[in-house]
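Let me begin by presenting the structure, written as structure tokens, before commenting on it.
These numbers come from the heavy atoms of this one structure, side chains and all, not from hydrogens, waters or symmetry mates.
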Amino acid sequence: MQRGQARITATLAFGAALVGTTLLLQACGAFAGGKRGNDAVPQPAKPVDLERYLGKWYEYARYENRFERDCDYVTAEYGKREDGKVSVRNTCGARPGASPKVSEGRARVVPDSGNAKLEVSFFGPFYVGDYWVLDHADDYTWSIVGEPSGRFLWILTREPKPTASAGKALIDRARALGYDTSMLRMTAQ
């Protein structure tokens, strides 16, 4: 009798794990973004020196997405963790007098990517987000970030408000990478 109960318990546990995994994958699909802005996302243009990439970035522009809907004053801060991974802190609405929305997570480098591809996790042990540094300035003053589906794009700068000519050059660079820049939402800083 105990053996039969053990099998039933194991079957129920497996079923619960399968349902949980299915729900998690469906939830991840909910973050798949909207319209594809690039049907042929390029591989990253060059390796990334993580030590130089760490620190605070300001979002200059992005493709609108569910988890950043109506967000302005967006920053991303990356740091080195003791376990070798990268800490991630995204802030939305960090303007004076407002309560910011903060998301904290971690990222790990994809092997053999020159540190230009990372996988990101904001919940538990699951790494479900791709973060590709498609291009960056040699002095790390700007970066263009995407992922394989072509539904997400971020243009990041070290300064809250780059000059108009620098902003235009970044949009032109995103266009040269194959992105539909008419889909960009400029981020107020």
Side-chain contact, heavy-atom cut-off 4.5 Å: [X] with [Y]?
X: Q43; Y: W132; value: yes
X: V145; Y: F152; value: no
X: N115; Y: P47; value: no
X: L184; Y: Y179; value: no
X: I155; Y: M186; value: no
X: V88; Y: F122; value: yes
X: M183; Y: L153; value: no
X: Y140; Y: R158; value: yes

Over all atoms of both residues, closest heavy-atom pair of [X] and [Y]:
X: P42; Y: L134; result: O-CD2, 3.3 Å
X: A174; Y: I144; result: N-CD1, 3.9 Å
X: K85; Y: A107; result: CB-O, 3.2 Å
X: G167; Y: Y60; result: CA-OH, 3.2 Å
X: N65; Y: R62; result: ND2-CD, 4.1 Å
X: S143; Y: Y53; result: OG-OH, 3.1 Å

To the nearest 0.5 angstrom, please state how far the [atom1] atom of [X] sits from the [atom2] atom of [Y].
X: N90; Y: E59; atom1: CG; atom2: CD; result: 8.5 Å
X: L156; Y: T75; atom1: CG; atom2: OG1; result: 10.0 Å
X: E64; Y: C71; atom1: CD; atom2: SG; result: 8.0 Å
X: L170; Y: K168; atom1: CG; atom2: NZ; result: 11.0 Å
X: S87; Y: Y78; atom1: OG; atom2: OH; result: 10.0 Å
X: W142; Y: H136; atom1: CH2; atom2: NE2; result: 8.0 Å

Hphob cluster co-occupancy, W154 + L177, side-chain heavy atoms under 4.5 angstrom: no
F67-L118 co-clustered via ILVMFWY side chain contacts under 4.5 Å: yes
Partners passing side chain to side chain donor-acceptor pair (under 3.5 Å) against D139 (at least two apart in sequence or in another chain): T141
Derivation and outcome, side chain to side chain donor-acceptor pair (under 3.5 Å), residues S149 and E147: CA-CA 6 Å; S149 79; E147 48 68 63; 2.7 Å; yes
Residues D180, Y63; criterion side-chain contact (heavy atoms from CB on, under 4.5 Å); working and verdict: CA-CA 10 Å; D180 178 352; Y63 279 0; 4.0 Å; yes
Among V133, V48, D130, V110, the one residue meeting side-chain contact (heavy atoms from CB on, under 4.5 Å) with K117: V110
Evaluation steps, side-chain contact (heavy atoms from CB on, under 4.5 Å), between V128 and F123: CA-CA 9 Å; V128 296; F123 32 85; 3.8 Å; yes
Backbone of Q189 reached by a side-chain donor or acceptor of K161 within 3.5 Å: yes
Verdict with reasoning, Y127 to R106, per side-chain contact (heavy atoms from CB on, under 4.5 Å): CA-CA 9 Å; Y127 289 85; R106 66 189 182 288; 2.9 Å; yes
Worked check of salt bridge (charged side-chain N to carboxylate O under 4.0 Å, His left out) between R185 and D72: CA-CA 10 Å; R185 177 201 189 278; D72 280 312; 2.9 Å; yes
Enclosure of K46 NZ (heavy-atom neighbours >12, cutoff 6.0 Å): yes
